[in-house]
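Numbering of ligands and ligand atoms starts at 1, following listing order.
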Amino acid sequence: METGAWNEAIDRMLIRMRDTAQRVGNSFPHWADPESGQWTVTADGDWTGGFWVGMLWLACCGTREERYRQWAEQWAERLRARIDSATVFKAVPFYYGGSLGHILLNDSLGRALAVQAAESVARLYNPALGLMPLGAEAEEGSHVGPAESSIDSLFASPFLLWAARETGNARMREIARSHADRVIELHLRENGSFIQSTSLDPQSGAAIRHYTHKGYSDTSTWGRAQVWGVLLSVMSYAWEPAETRWLKAAERGADWWIAHAPSDYVAFWDFDDPRIPHVERDTAATAAMACALLKLAALADPAKREGYRRHAEQTVDALVRRYLTPTSSSDPRVPGILTEGCFNKRPDSRSHDKRPDSRSHDAVTRHELIFGSYYLFEALHILAGKVDPKKI
Ligand code: GLY
């Protein structure tokens with residue numbers, strides 16, 4: 001596809017964004033029925049709300065239309081209540097909802113919210129474990145105890161590395177580095193695949209068991225575990241270019257993905273579900289991997305860059321052609337919906353969540369997911385030459 005085609009896909013997604021802004025009121029879009037376009041929303045943003053704000057920052061950056069910045073600031077402000085929540089996963093909403101606004105647009109509100117949240121994330125650091133555990137209010141994991149880690153939590157490292165650079169906070173930088181070292185080492189398997197979660201001994205910090213609460217099994221490779229491993233390792237490396245171990249981890253994970261992805265590029269929800277191909281895809285994981293590959297195409301061993309770029313382009317092309325509405329000439333749906341995201345195939349995975357607002361309704365498959373839309377939108381902006389993949 002040429003730049004014009006990437007821009008055409010961006011325009012479609014902008015239509016859906018304007019539609020979403022009208023539909024969700026003061027809440028955050030979480031996931032939507034791809035037929036009706038109706039969103040299930042969260043009041044506080046959960047772990048996904050920042051992706052909506054991130055799309056708005058990107059839209060302002062790409063179009064230079066101030067209305068997107070105004071919307072981004074309005075929704076970012078609504079994240080403020082979560083600055084001190086006891087969860088490592090708040091790194092996600094505050095990176096995309098705050099830091100990204102500052103990186104792309106020098107936005108001072110985004111910066112202020114994200115710096116405060118980063119100081120709070122750093123206070124979750126446990127020296128005995130060498131990392132930030134999930135936390136008592138962790139979305140999708142508050143039930144698992146105080147010494148649990150997951151590859152999803154690696155978001156905290158690029159977030160704190162950004163904040164440490166902004167503030168000159170050397171201690172925060174050390175915490176972010178230790179977290180990245182530990183989380184990558186705990187979850188990257190010998191063969192280049194990633195496992196989602198680990199229980200640690202609270203005293204020694206030693207790994208007790210590896211498991212997944214969202215993938216098919218403890219020995220399978222859940223698509224998003226692989227994505228978070230690659231994407232967040234390369235994002236951490238982008239802030240700390242001396243840490244070539246993190247780049248190597250990202251390359252190994254990306255090579256594993258390329259070797260195991262379906263020939264049509266769009267991953268199934270778990271690479272080891274025995275019912276493949278009669279099982280759900282995950283376009284959200286696939287879109288996020290495209291972003292990871294585009295970052296590697298700018299940062300990896302020069303001999304490998306072209307291969308990463310090519311796979312990313314083919315992946316985004318497949319997502320746009322087959323999964324972004326309209327998917328046929330008679331498709332009546334709102335343009336710009338990314339269909340076939342698999343939020344959570346295992347209905348049991350949040351059933352033990354002790355938070356009062358815990359929702360079992362995240363057990364949706366074949367839906368539009370706000371984080372999948374964010375990553376497709378980011379990938380399209382990189383491919384269209386509107387943003388530098390090394391910076392975000
Ligand atoms: N917990 C992040 C995810 O579901 O991918």
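- Among the candidates F89, Y95, W228, the single residue satisfying the ring-ring contact (aromatic ring centres under 6.0 Å, His included) test with F155 is W228.
- Within the 4.5 Å cutoff, side-chain heavy atoms of D181 are placed close to those of W246.
- Listed by chain and number, W47, E140, D152, K214, W222, R224, W228 each place a non-hydrogen atom less than 4.0 angstrom from ligand 1.
- Within the 3.5 Å criterion, the main-chain N or O of G215 finds no donor-acceptor partner in the side chain of D270.
- Taking CG of L160 as the start and CE of M132 as the end, the distance is 4.5 Å to the nearest 0.5 Å.
- Relative ring orientation between F371 and W47 is described as tilted, the plane-to-plane angle lying within the 30° to 60° band.
- Not counting sequence neighbours, the partners of R23 by the salt bridge (charged side-chain N to carboxylate O under 4.0 Å, His left out) test are D19.
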